[in-house]
Amino acid sequence: QVHLVESGGGLVQAGDSLRLSCTMSGRTFSRSAMGWFRQAPGKERELLAAINWSGDTTSYGDSMKERFAIYRDNVRNLVYLEMSSLKPEDTAVYYCAASPLNRVVINQGGYNYWGQGTQVTVSS
C-alpha cells in the first residue's frame with residue numbers, strides 16, 4: 001500500500017519562507033515522478049510544481065516558479081517544496097502526489113497516489 005505523508009505546514013507571516021516535505025512508502029520512490037498541489041477554500045486544486053524521477057527535470061504551474069522550488073532526495077525518499085515571499089493568498093492545503101510514471105507529470109490525472117495534505121496559513 002502506497003502511503004504519502006506531508007509535513008512542514010503551519011502558520012506563517014506574509015513574506016516568510018517555508019519548506020514542505022513529503023515522504024513515500026510502499027513504492028519505489030526513485031521510480032516515481034512527484035508533484036505538489038494545493039487547494040484553497042472554494043477553489044480547485046492546482047499544480048504548483050512537478051519533478052521527474054531523477055530530479056533533473058521540473059515543471060511549474062503558472063507564476064509558481066518565481067517563488068516556489070521543487071527538489072527531491074532519492075536516498076532519503078523525500079520530495080521538497082521550498083516557498084518564499086509567502087502571501088495570504090498562498091493559504092491552502094498543500095498536497096504531495098506520486099505518479100506511476102517517471103517523467104514529469106503536470107496533470108492531476110497522472111497522479112494516483114495522494115497524501116492527506118498539510119495546512120499552510122499565511123497571515124497578513
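Computed over heavy atoms, backbone and side chain alike; hydrogens, waters and symmetry mates excluded.
- Nearest heavy atom pair, residue S59 against residue V104, reads CB-CG1, 3.7 Å.
- Residue F37 is tested with Y60, W114, Y94 for a ring pair (Phe, Tyr, Trp, His ring centres under 6.0 Å); the sole match is W114.
- With hydrophobic clusters built from ILVMFWY side chains whose heavy atoms lie under 4.5 angstrom apart, L81 shares a cluster with F29.
- The closest donor-acceptor contact from the side chain of R67 to the backbone of S85 lies under 3.5 Å.
- At least one side-chain heavy atom of C96 sits under 4.5 Å from a side-chain heavy atom of M34.
- For the pair R45 and Y95, the cation-pi test (distance below 6.0 Å, angle within 45°) is passed.
- Inspection of the T121 and Q119 side chains reveals an N or O donor paired with an N or O acceptor under 3.5 Å.
- Of all heavy-atom pairs spanning S21 and L78, the tightest one is CB-CD2, 4.5 Å.
- When all heavy atoms of T91 and P41 are compared, the pair lying nearest together is O-CD, 4.4 Å.
- The shortest non-hydrogen separation linking G10 to L18 is N-CD2, 4.4 Å.
- For L11, the CG atom is densely surrounded, since the number of other residues' heavy atoms within 6.0 Å is greater than 12.
- Judged by distance alone, the side chain of E6 and the main-chain N or O of G117 form a donor-acceptor pair under 3.5 Å.
- The environment of CD in E89 is crowded: more than 12 heavy-atom neighbours from other residues, nucleotides or ligands sit within 6.0 Å.
- Nearest heavy atom pair, residue D90 against residue V122, reads CB-CG2, 4.2 Å.
- In this structure a side-chain-to-backbone donor-acceptor pair under 3.5 Å is present from T23 to N77.
- Atom CH2 in W36 sits 9.0 Å away from atom CG in L48 (nearest 0.5 Å).
- Between I70 and V79, the closest side-chain pair of non-hydrogen atoms falls below 4.5 Å.
- Between Y111 atom OH and S32 atom OG the span is 10.5 Å, to the nearest 0.5 Å.
- Tracing side-chain contacts under 4.5 Å through hydrophobic residues (I, L, V, M, F, W, Y), one never reaches L101 starting from L4; they form parts of separate clusters.
- Figure legend: cation-pi geometry between R38 and F68 absent, as NZ or CZ is not positioned both under 6.0 Å from the six-membered ring centre and within 45° of its axis.
- G9 and L20 get closest at one heavy-atom pair: N-CD2, 3.6 Å.
- Around atom CD of Q39, more than 12 heavy atoms belonging to other residues, nucleotides or ligands sit under 6.0 Å away.
- Remark: the backbone N or O of W53 is not paired with any side-chain donor or acceptor of N102 at under 3.5 angstrom.
- Between T57 atom OG1 and R103 atom CZ the span is 11.5 Å, to the nearest 0.5 Å.
- In this structure, the side chains of R27 and M24 come closer than 4.5 Å at one or more pairs of heavy atoms.
- By the neighbour-count criterion of 12 heavy atoms within 6.0 Å, atom CG of D62 is sparsely surrounded, having that number or fewer from other residues, nucleotides or ligands.
- Between the side chain of S99 and the main chain of G110, a donor-acceptor pair closer than 3.5 Å is present.
- Atom NZ of K87 is separated from atom OG of S124 by 14.0 Å, given to the nearest 0.5 angstrom.
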